[in-house]
Visitor: 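If you scroll down you'll find the structure; I have some questions about it.
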Amino acid sequence: MTIAPLTAEPRPAVVTPRRRYWAGIRRVLTRKPGRVAGLVILVFFTLMGTFGPMLYSDNLAVDPNAVYAPPSAEHWLGTDFAGSDVFQALVVGSRYVLLTCAIAGVFAVGLGTAVGLLAGFHRGLADSLLMRATDFVLTIPGLPVLVVLSTVWAFGSPLEMGLVLGIVGWGGIARAVRSQTLSLRERGFLEAARSLGLSNRHILVKELLPNLAPYVAMNLLLAIVSFVEAQVGLFFLGIVPFTSTNWGVMINQAVFSGGALQSPEALMYLLAPLVCILLLITGVVLFLDAIDELFNPRLRER
Amino acid sequence: PDSGAKNGARGGVFTTVDANNPITPGAPMNPYNANGNSFVSFNTMRLGWDKKNPLNPNDNFPGLAKSWEMKGDSLIVHLQDGAKWSDGTPVTLDDLKLSMALGYTQSAAAVGARGLTEGLNVSSVEPAGAGAFEFKQAPGTKNLTFTKQVLGQVIVNAKVYGHLVPADMWDIIHASQQVDPAKAKDVKAAAAKLTGVGKQVSAFAPQKDISAGPFVVRKLNPGSVILDKNKNFYAAKKVGPSQVVVRHYSGNEQIWGFMKNGELDAAPFTAIPENVLKQIESKGYQRTESVSYVQASLAFNQSRAPYDKKEVRQGLAYLLDRAAATKVGQPVGGQTAAAPTGMVGQMTQAWLTKDQSSALEPYAHDTAKAEALFKKAGLTKKGGKWYLANGKQWKMTLQTVNGFSDWISASTVIANQLSSAGIDTKPQLSADFGKYQEDMAAEKFDVGWWLTAVGSTARGDFQRLYGESDGFTANGDKASHTDKKGSGNWMHGPVNVTVGGKRVNPGDLTAQLAGLDNESAKPIINQLAQVTAQEVPVIPIWDYTNVKFYNEKNFTNFPKNGQDDLLGNFPGTWMAQGYIQPKK
Amino acid sequence: MTHNTTTASAEAEVRVRDLTVHYRIEGTEYPAIASVTLDLPRGRITGLVGESGSGKSTLALALMNAISEPGRVSGGTVHVDGVGEVTALSAKQLRAVRGSALGYVFQASQNSMNPLRTIGRQILDLGRSHDVKDLPGLLHRARELAERMGLDGKRVLDSYQHELSGGMRQRLGIVFALVLNAKVLILDEPTTALDVLSQAAVLKIIREVHEENHLSTLIVTHDMGVVSEIADNLAVMYGGRIVEHGPALELLRAPSHPYTKALIRATARITGDLASARALPGRPPDLTTIPKTGCVFRERCAFATDVCTGSEPRLEEFRPGHRRACHADVALVRTSPATPKGDVS
Amino acid sequence: MIEARGLTRTYRTRGAFTGERTVHALRSVDFILPKGGAVSFIGESGCGKTTLGKILTGIETFDGGELLIDGTEVSKLPPRKRAPYFRRIQMIHQDPYSALNPTRTIDQILGDPLRMRARATGAGSSGVRGRAAELLELVGLEPDGVLPKYPHQLSGGQRQRVVIARALTVDPEVLIADEAVSMIDVSLRLGILALLHDLRTRLGISLVFITHDVATARYIGAGGELHVIYRGQVIERGPTDDIIQAPVHPYTQCLLSAVPIMRGREEPGPDRLEPLAPLDEKAPADGCLFAPRCPFADEGCSAARPALEQLGNTGQHHACFHPAPRRVVGVEIQPAGV
Amino acid sequence: MNVKGLVRAVLTKLAGGAVMVWVVASFTFFLVHALPGSPGKVAYESYLSQGLSPDEAMAKVAVIYGYTSQDPLATQYVNYVSDLLHGNLGLSISYSGVPVSQVIGNALPWTLIPILSGLLISFAIGTTAGVVAAVKRSSRWGGALSLSASLIAGIPSFVLAILLTTVFHTQLGWLPYGETNDPWVDSGWSAAYIGSVAYYAILPVATYVLISYGGWMLSMRSSVASVLGDDFILASELRGITPGTRLRYIGRNAILPLFTTLAIACGYLFGGAILIENAFNYPGLGRLLLQSIGSRDYPLMTGAFLIITIAVVLANIIADLLYSVIDPRVRR
Ligand SMILES: Nc1ncnc2c1ncn2[C@@H]1O[C@H](COP(=O)(O)OP(=O)(O)OP(=O)(O)O)[C@@H](O)[C@H]1O
Ligand SMILES: Nc1ncnc2c1ncn2[C@@H]1O[C@H](COP(=O)(O)OP(=O)(O)OP(=O)(O)O)[C@@H](O)[C@H]1O
Ligand SMILES: [Mg+2]
Ligand SMILES: [Mg+2]
């Protein structure tokens with residue numbers, strides 16, 4: 001018996017993979033108007049957080065004679081308790097919130113993914129130890145501990161705040177990644193990779209990680225929503241010492257010293273950061289819709 | 001269905017919030033509990049009510065005591081005719097004795113050993129004729145405020161609290177009152193025993209309220225307490241409202257909300273922004289103002305450059321526009337502070353003569369003077385920025401505390417003023433007061449906010465400046481001084497200062513105030529004010545004002561501006577004197 | 001019960017006429033089955049074979065009028081005796097017909113029972129859904145049926161799905177389909193996930209209950225061996241068309257369509273010359289790649305000519321009871337040893 | 001060369017809230033796989049076939065017996081030393097859908113092990129792409145079309161070919177095919193079977209073929225040995241064709257009887273048996289494992305467990321007290337009327 | 001189900017849980033004691049800022065000092081652990097000597113009432129909406145439902161609390177705020193009292209429900225979507241099972257995985273919803289904890305943390321158990 005070349009495949013037009021990859025991503029992002037909107041919002045805030053604060057000095061101009069002024073051509077969103085421009089405060093304050101979320105997100109995802117991957121992949125003792133650590137992180141009550149931590153350790157900079165949020169917030173991701181890893185582990189391609197003798201690093205990074213990416217990304221975005229809530233919440237509660245203007249501080253000031261709930265004058269001051277938070281989260285949620293397709297080549301192509 | 005709406009229906013329900021005793025859900029109904037649900041002047045009664053008269057600490061409104069007088073070392077107190085408990089039984093010697101004893105287990109135990117110059121120093125209570133009782137001072141006592149101490153004690157019912165104290169209670173008290181240094185050990189042991197009793201007392205939760213005050217607790221909710229008028233109160237006829245509702249609050253903004261809805265008949269001061277004030281006033285609330293013996297200041301760590309130079313501190317005092325800061329920080333409850341004297345404005349006026357006070361530098365806002373002083377201190381100005389003598393740029397971090405929203409707001413303005421004058425300033429916040437104090441004691445800050453001029457006594461005021469935080473510890477009328485790190489001295493002011501050509505030690509001067517009558521105290525107070533104005537250990541930004549709101553929708557006849565002694569007291573005290581009558 | 005399987009003129013219980021089903025993919029509709037005409041005679045087992053994606057399941061579902069989004073029946077009719085036009089029934093009537101007159105059996109490994117309810121309760125649910133008054137009687141009948149299939153009736157009715165093996169589940173699937181006295185039984189790949197032993201047992205049972213209940217049975221599979229063992233008639237599907245349809249024995253012995261012939265040759269057998277087996281060239285078309293004009297099989301066909309590109313062959317009877325859709329000569333196809341296109345060995 | 005001596009694997013499972021359960025997945029399995037040879041294992045579902053395959057590729061461990069690869073007992077080696085042995089044994093997975101990483105292109109899927117191999121052998125990685133193309137051609141795929149694609153863009157048959165090509169990247173000496181064609185469309189199966197057979201003859205790669213489908217085993221195992229497993233135990237073994245034509249163990253006979261007859265082309269064998277009752281979970285403690293289902297069992301069968309014995313001086317071995325050759329498979333008939 | 005195996009499994013899990021509780025409790029103990037500042041000093045300054053004279057403030061603070069342990073931290077830890085083993089949570093500092101267990105017990109109902117009922121309501125609403133969204137997912141309406149749920153779920157809880165309060169209390173005056181019940185109604189198991197508690201709980205419960213139902217809905221939606229793809233659903237359709245019964249099939253199968261989440265959520269509930277309780281001035285555990293942190297009430301803090309920890313650990317165990325009870329595939 002001889003081998004018959006069984007196929008006469010039609011030759012497809014050769015397109016470079018890279019071009020196709022980006023075209024696929026573009027297609028995914030533009031498939032629904034919501035995603036475009038989400039992306040635009042996120043890009044807008046990123047730009048605002050990156051370049052906005054460069055436009056204004058840290059100490060915004062104050063004007064004791066124009067406290068809680070209504071919106072005007074000069075002050076687009078009115079002024080705050082010290083007569084500073086609310087719009088400027090909003091721009092200056094965006095950096096802290098965004099940077100914190102970014103740092104916390106990177107940290108939580110990094111740690112959570114690493115722990116979940118290693119635990120799921122190695123099983124045995126390493127798994128037990130890592131999962132106990134994860135259980136520990138999941139068991140400690142997050143917000144209360146944050147409150148305590150913020151008192152022990154002043155989170156002056158977004159870096160510190162982000163790190164702490166990340167430290168408290170990686171457990172969920174680790175658990176999700178682990179259970180996903182466990183199920184992927186039984187898949188043929190992983191068994192194949194192992195019996196081919198590919199290194200563990202290769203397996204973890206090249207084989208597992210891309211398959212986990214949608215889960216990680218999904219969890220990351222969910223985590224970001226909770227980070228926004230936690231951090232702005234801490235400022236709102238007035239627990240975290242704030243060094244500079246940020247949205248949480250603005251809400252806190254508006255409610256607790258501006259009387260925004262009682263008086264319409266300070267309402268702008270309250271609403272401006274609230275709307276920004278809502279907008280940011282809307283952007284995240286709308287963008288979330290595209291994540292699955294972004295990471296899955298099969299969905300990406302359709 | 002808010003309780004305000006019930007006012008009309010039930011007639012005479014007086015609704016308020018109690019700033020000193022916010023309701024603490026779950027805490028016992030016990031005046032000795034630090035968070036207890038007991039309401040001073042309503043169901044928590046005293047013999048008298050301190051008028052906070054700076055010139056006479058013993059000046060009181062009558063409470064359960066109709067009148068009193070010092071006879072030698074003893075205070076003779078005449079109880080009100082018909083001083084009764086809400087269960088109808090009269091207030092007896094037992095009640096008074098027990099209340100004094102309980103007082104010891106609380107505050108006196110902690111301060112009793114301080115040479116008997118302060119605190120409660122009663123060594124016995126005895127009957128002195130019909131309705132009169134004699135409160136004897138402990139031997140060797142030099143307490144000028146004995147009357148105030150006795151009258152200020154909470155009077156509780158012996159039937160309710162009696163079982164908490166041991167039979168030999170007074171022996172223990174006497175043991176704790178010995179001044180002989182050889183007996184220090186016994187004193188300590190006795191104090192410990194008293195503390196032990198105190199623990200039980202403070203944790204004790206009476207099931208039912210028995211009050212000698214105008215009201216008695218009917219019902220305690222997590223969100224409010226309802227007090228019924230005490231029919232057996234000695235002045236029940238004068239008391240207008242038939243019920244009092246004290247509402248719980250946990251933040252100022254809540255009180256604003258209550259008032260905005262017209263739910264309160266009277267409310268104490270809270271930091272209020274002007275826009276909210278407008279809203280509240282449009283609801284018919286009126287405002288009374290009286291003196292409040294607290295001041296918000298910026299304090300310096302005088303061991304740190306450039307604040308180690310008094311010229312720099314003086315210069316800053318000139319540079320700061322305190323009025324602008326007040327306008328943003330405390331527009332309603334504050335008054336721009338005058339010169340730094342260590343006391344609030346009214347106290348300064350009371351204790352210093354016109355000449356004396358006008359001789360003090362008022363530090364009116366004056367940039368030119370400030371720059372001159374800075375230059376004199378060796379600072380230089382280049383390109384609009386100030387540089388220190390060592391060539392580094394002058395950057396200031398202004399430390400503030402979370403939750404003190406007025407300080408935070410004012411800091412923004414101050415930072416702005418200083419920055420535009422060439423001193424780069426950034427406000428920075430501590431997480432809470434605990435953290436702030438600890439960091440302050442650990443000398444982590446150069447400049448920070450500090451409450452000064454606390455209380456109506458000059459000694460209390462100056463102790464804030466020349467006491468523990470400046471390294472001074474009073475022993476009798478002398479003070480020892482330490483500069484050690486970690487000793488609590490974070491101000492590091494000079495030990496000896498030359499004022500008016502005289503070298504004085506402000507710590508010693510402050511300690512001396514303890515045992516002096518008004519006339520002998522005045523020159524010392526003047527000296528201390530001079531020291532303060534010259535050295536500027538703190539820059540006062542504003543004097544707090546004691547603001548109260550009232551609404552005449554349901555009741556009339558509230559105390560008015562000018563009645564500072566009344567306004568500084570509690571609504572129950574007013575009612576016992578016939579204020580607050582239902583609207584006809 | 002005796003049934004003469006050789007009756008030539010068995011009446012058709014189910015008559016499918018010009019049935020067409022379209023699926024919408026990315027906004028475009030593609031025919032998954034096109035103009036299918038097929039009779040399921042009473043008392044006969046009709047086998048439906050074809051490669052993956054040829055439209056077998058779609059046809060089976062269409063018989064129940066159960067094509068769901070994004071698909072739809074876009075033309076033709078299905079007539080079932082005693083029920084009427086299935087394609088014209090209202091949703092309510094349709095529900096009443098399904099499970100009672102028309103029984104449907106799923107592939108074994110896929111789980112066709114609610115994992116949270118015991119089998120017995122699900123039988124009761126079925127009874128209630130079809131307004132059966134005598135529920136205990138229904139249970140009794142289910143138990144009997146199960147026992148007929150070699151199961152422990154009582155135990156099985158008290159079990160959850162996960163407590164049963166694939167073969168047992170498959171038999172229970174048949175119980176579900178028959179317990180309400182269905183006359184038409186449709187089995188979609190009933191043995192695909194089973195091993196040989198279970199497969200043989202299930203096939204035997206199907207044959208038995210089919211005969212006992214005098215059913216019209218359609219059995220869908222992609223396995224020539226399975227269908228040859230059990231079917232009386234055979235329909236071969238390719239690209240959504242029935243390309244050959246006739247008596248099983250004749251069709252297997254002498255296939256008249258190039259596709260049927262190639263399919264039989266491509267089946268791994270336990271007997272015969274190893275070397276004579278040949279895989280089909282190319283790959284089965286999927287919906288979007290089915291040629292729009294001409295013969296759907298022509299690209300893989302050894303007999304293709306220019307005619308095949310231009311016009312689509314119609315399914316025509318070339319012999320009583322045997323139909324095919326091919327332009328090539330019957331005799332040529334049957335006798336030619338020609339290898340399929342692309343097979344150069 | 002692989003030699004297994006008494007391979008045994010027992011699973012003990014304990015659910016979170018359930019009692020312990022012991023499963024004998026493999027009971028003392030012996031076999032020898034010579035270079036370029038082929039061994040097939042057949043048996044019904046759950047008999048331990050996959051477990052054996054996994055043990056042979058080093059993914060699963062065994063708890064009894066010995067596994068010798070080129071004469072070396074691998075289980076005694078430390079993990080690092082073990083790897084090179086197992087690298088020479090590669091697995092072809094049953095399910096070509098899950099056997100390929102959906103997020104990677106075929107280029108990457110083949111490139112990674114090739115690069116690793118190139119590094120190991122000291123060759124540069126410049127030849128990787130060429131080698132990948134070569135391998136794809138070897139398995140009958142057109143490299144330029146396939147390399148840039150993702151797995152989902154390929155058909156089942158194409159995927160299985162890629163899986164085989166991937167196994168070949170590390171120059172294996174043995175391929176384990178666990179139900180390697182059962183998920184592939186009928187019309188394409190034969191192509192894969194032919195490919196595997198060809199690899200064996202052309203490249204001298206040994207094959208272990210694991211299936212429940214005797215017909216496919218016949219295509220690959222031609223010239224090799226066929227082992228019939230029942231509940232973890234090999235109950236019959238011998239040259240593939242001999243066993244198919246004349247099985248002696250009743251279980252083998254049942255299994256072969258169950259293969260459907262292609263009517264019109266075959267007729268049932270004369271001794272064909274009826275389908276078996278479903279597998280009963282409870283195994284007899286020490287009798288013949290098959291006794292409860294065996295149509296020929298007597299009391300003796302449930303008293304002792306038969307061991308594997310040679311049948312006369314043929315190559316066939318069986319574990320049965322009542323061996324009797326029966327012809328059960330279909331018999332081909334010549335197409336008559338055409 | 002194997003009873004002996006079950007008992008052993010439960011005991012093993014409880015033992016593991018106890019270890020976890022110990023680890024977390026020790027962690028929080030040391031964390032809490034690392035807080036700067038002392039209860040007395042904090043209280044003193046806060047009394048001063050309230051306008052009390054130094055004497056009065058000192059008198060009040062003296063009581064608090066009496067409850068502040070001066071022992072070294074290690075000794076305090078040993079005492080704490082041994083007290084715990086005796087079921088004693090210690091005495092609160094800021095409540096000057098009231099047992100911590102009593103303080104927590106007082107606050108507990110005010111967490112459980114709004115949050116537990118909020119949790120259950122949001123679970124009910126969320127899962128129902130999830131079914132609708134999944135069944136109608138291809139329609140515009142289903143998509144809008146999902147999107148709105150994710151958006152609302154993304155709003156920080158306190159933000160929503162502020163908005164609701166502003167609208168329904170401040171502006172419209174329809175709903176009460178800041179109290180737990182009508183002070184004039186006597187507490188007890190009377191209809192009036194319960195009604196009043198319910199009425200006053202509307203805003204906090206509504207806030208909780210709004211922010212959390214979206215999460216349930218989204219999980220339920222994806223769960224239903226995967227169940228809808230299960231063959232038994234198609235099978236039941238082809239068997240002519242009534243739509244009602246089929247919906248029940250779908251619902252039951254889809255809700256299974258959510259039950260464990262619900263059980264665990266019940267555990268976290270003991271932490272109170274700090275932000276919501278605070279925004280509504282509701283005297284539950286969350287606010288208690290916050291207060292105790294502010295006043296450096298170490299025993300109260302560790303006690304509150306301990307309760308949360310125990311609840312979460314227990315909830316996890318119960319979730320495990322529950323799953324094996326309600327899912328026949330897990331129980332054997
Ligand atoms: N829901 C659907 N949406 C889009 N296309 C579908 C859908 N269901 C089936 N198809 C397509 O319709 C065609 C016929 O499918 P069908 O399931 O009937 O094939 P089959 O012959 O049963 O195949 P198999 O042997 O794989 O089960 C296939 O090309 C398939 O991709
Ligand atoms: N990891 C494991 N833990 C516990 N039991 C297992 C495990 N793997 C396999 N088994 C059990 O071992 C026995 C043999 O399993 P194996 O997968 O080898 O069977 P198989 O012959 O490949 O079956 P199939 O034909 O269904 O694939 C089965 O009863 C199975 O339940
Ligand atoms: Mg199908
Ligand atoms: Mg297997």
Side-chain angles (χ1 to χ4, degrees), chain C residues 49 51-53 150-151 165-168 171 191-205 222-231 248-254 262-274 277-284 286 300 331 334-335 345, chain D residues 42-47 154-158 181-182 184-195 197 211-219 222 244-245 251 254-266 269 274-279 281 293 329-333 335-338:
Chain C
V49 289
E51 281 170 280
S52 181
L151 300 172
S165 74
M168 292 161 95
R171 286 177 237 193
T191 61
T192 307
L194 303 180
D195 64 33
V196 260
L197 283 168
S198 310
Q199 167 173 300
V202 168
L203 289 180
K204 180 166 166 257
I205 287 165
H222 60 250
D223 190 335
M224 269 298 182
V226 167
V227 90
S228 70
E229 172 119 6
I230 189 168
L249 213 60
E250 185 180 323
L251 204 144
L252 288 166
R253 192 181 297 141
L263 202 58
I264 293 172
R265 272 189 92 187
T267 306
R269 295 301 312 151
I270 202 163
T271 59
D273 184 7
L274 279 181
R278 282 279 179 283
L280 253 82
R283 60 152 137 167
D286 69 26
R300 299 166 82 189
R334 285 193 170 166
T335 52
S345 62
Chain D
I42 61 170
E44 68 192 297
S45 184
C47 69
L154 303 177
S155 74
Q158 289 175 319
V181 294
S182 71
I184 295 178
D185 211 345
V186 255
S187 57
L188 303 174
R189 263 184 212 177
L190 218 57
I192 303 288
L193 291 175
L195 170 62
H197 185 92
T211 181
H212 65 87
D213 181 4
V214 194
T216 51
R218 177 167 169 256
Y219 280 75
I244 290 175
Q245 291 315 317
Y251 177 67
C254 288
L255 207 58
L256 292 175
S257 303
V259 178
I261 304 294
M262 174 92 78
R263 287 187 301 135
R265 295 185 168 236
E266 295 165 357
E274 278 298 287
L276 276 178
L279 190 71
E281 279 284 316
R293 295 166 83 192
V329 293
V331 182
E332 198 171 31
I333 48 176
V338 192

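In what follows, every chain begins at residue 1, and chains take the letters A, B, ... in the order their sequences are listed. Predicted, not measured: the structure shown is a model, and the values here were computed from it.
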Visitor: C:Ala331 versus chain D, heavy atoms under 4.5 Å apart: side chain, backbone, both or neither?
Guide: neither

Visitor: Which atoms form the tightest heavy-atom contact between C:Glu229 and D:Val259, and what is the distance?
Guide: OE1-O, 4.3 Å

Visitor: I need the residue from C:Leu263, C:Thr271, C:Thr267, C:Ile264 with the largest number of non-hydrogen atom pairs under 4.5 Å to chain D.
Guide: C:Thr271

Visitor: Using non-hydrogen atoms and a 4.5 Å limit, figure out which bit of D:Arg189 sits close to chain C: side chain, backbone, both or neither.
Guide: side chain

Visitor: Can you say whether C:Gln199 sits under 4.5 Å from chain D via the side chain, the backbone, both, or neither, judging by heavy atoms?
Guide: side chain

Visitor: Hey, which of D:Ala258, D:Gly330, D:Ala215, D:Pro260 has the most heavy atom pairs under 4.5 Å with chain C?
Guide: D:Pro260

Visitor: Which bit of D:Leu255 comes within less than 4.5 Å of chain C, counting heavy atoms only: side chain, backbone, both or neither?
Guide: both

Visitor: Check side-chain hydrogen bond (donor to acceptor under 3.5 Å, both in side chains) between C:Ser52 and all other residues, then give those that pass, not counting sequence neighbours.
Guide: none

Visitor: Could you work out, with salt bridge (charged side-chain N to carboxylate O under 4.0 Å, His left out) as the rule, every residue matching D:Arg218, not counting sequence neighbours?
Guide: none

Visitor: Locate the shortest heavy-atom distance separating C:Leu194 from D:His212; write the atom from each residue and the value.
Guide: O-CE1, 3.6 Å

Visitor: Given the options C:Ala231, C:Ala248, C:Gly53, C:Ser198, which has more heavy-atom pairs under 4.5 Å with chain D than any of the others?
Guide: C:Ala231

Visitor: I'd like to know if C:Arg269 pairs up with D:Glu332 as an ion pair, taking the criterion as any Lys NZ or Arg NE/NH1/NH2 lying under 4.0 Å from an Asp or Glu carboxylate oxygen.
Guide: no

Visitor: Would you mind telling me which of C:Leu251, C:Leu252, C:Leu197 has the largest number of heavy-atom pairs within less than 4.5 Å of chain D?
Guide: C:Leu197

Visitor: Do you know which of C:Ile230, C:Leu249, C:Val227 has the most heavy-atom pairs under 4.5 Å to chain D?
Guide: C:Leu249

Visitor: Which of the residues D:Ile261, D:Val331, D:Leu256 is involved in the greatest number of heavy-atom pairs with chain C at under 4.5 angstrom?
Guide: D:Ile261

Visitor: State the CZ-CG distance between C:Arg265 and D:Leu190, to the nearest 0.5 angstrom.
Guide: 10.0 Å

Visitor: Looking at every heavy atom in both D:Glu274 and C:Lys204, which two are closest together, and how far apart are they?
Guide: OE1-CE, 2.9 Å

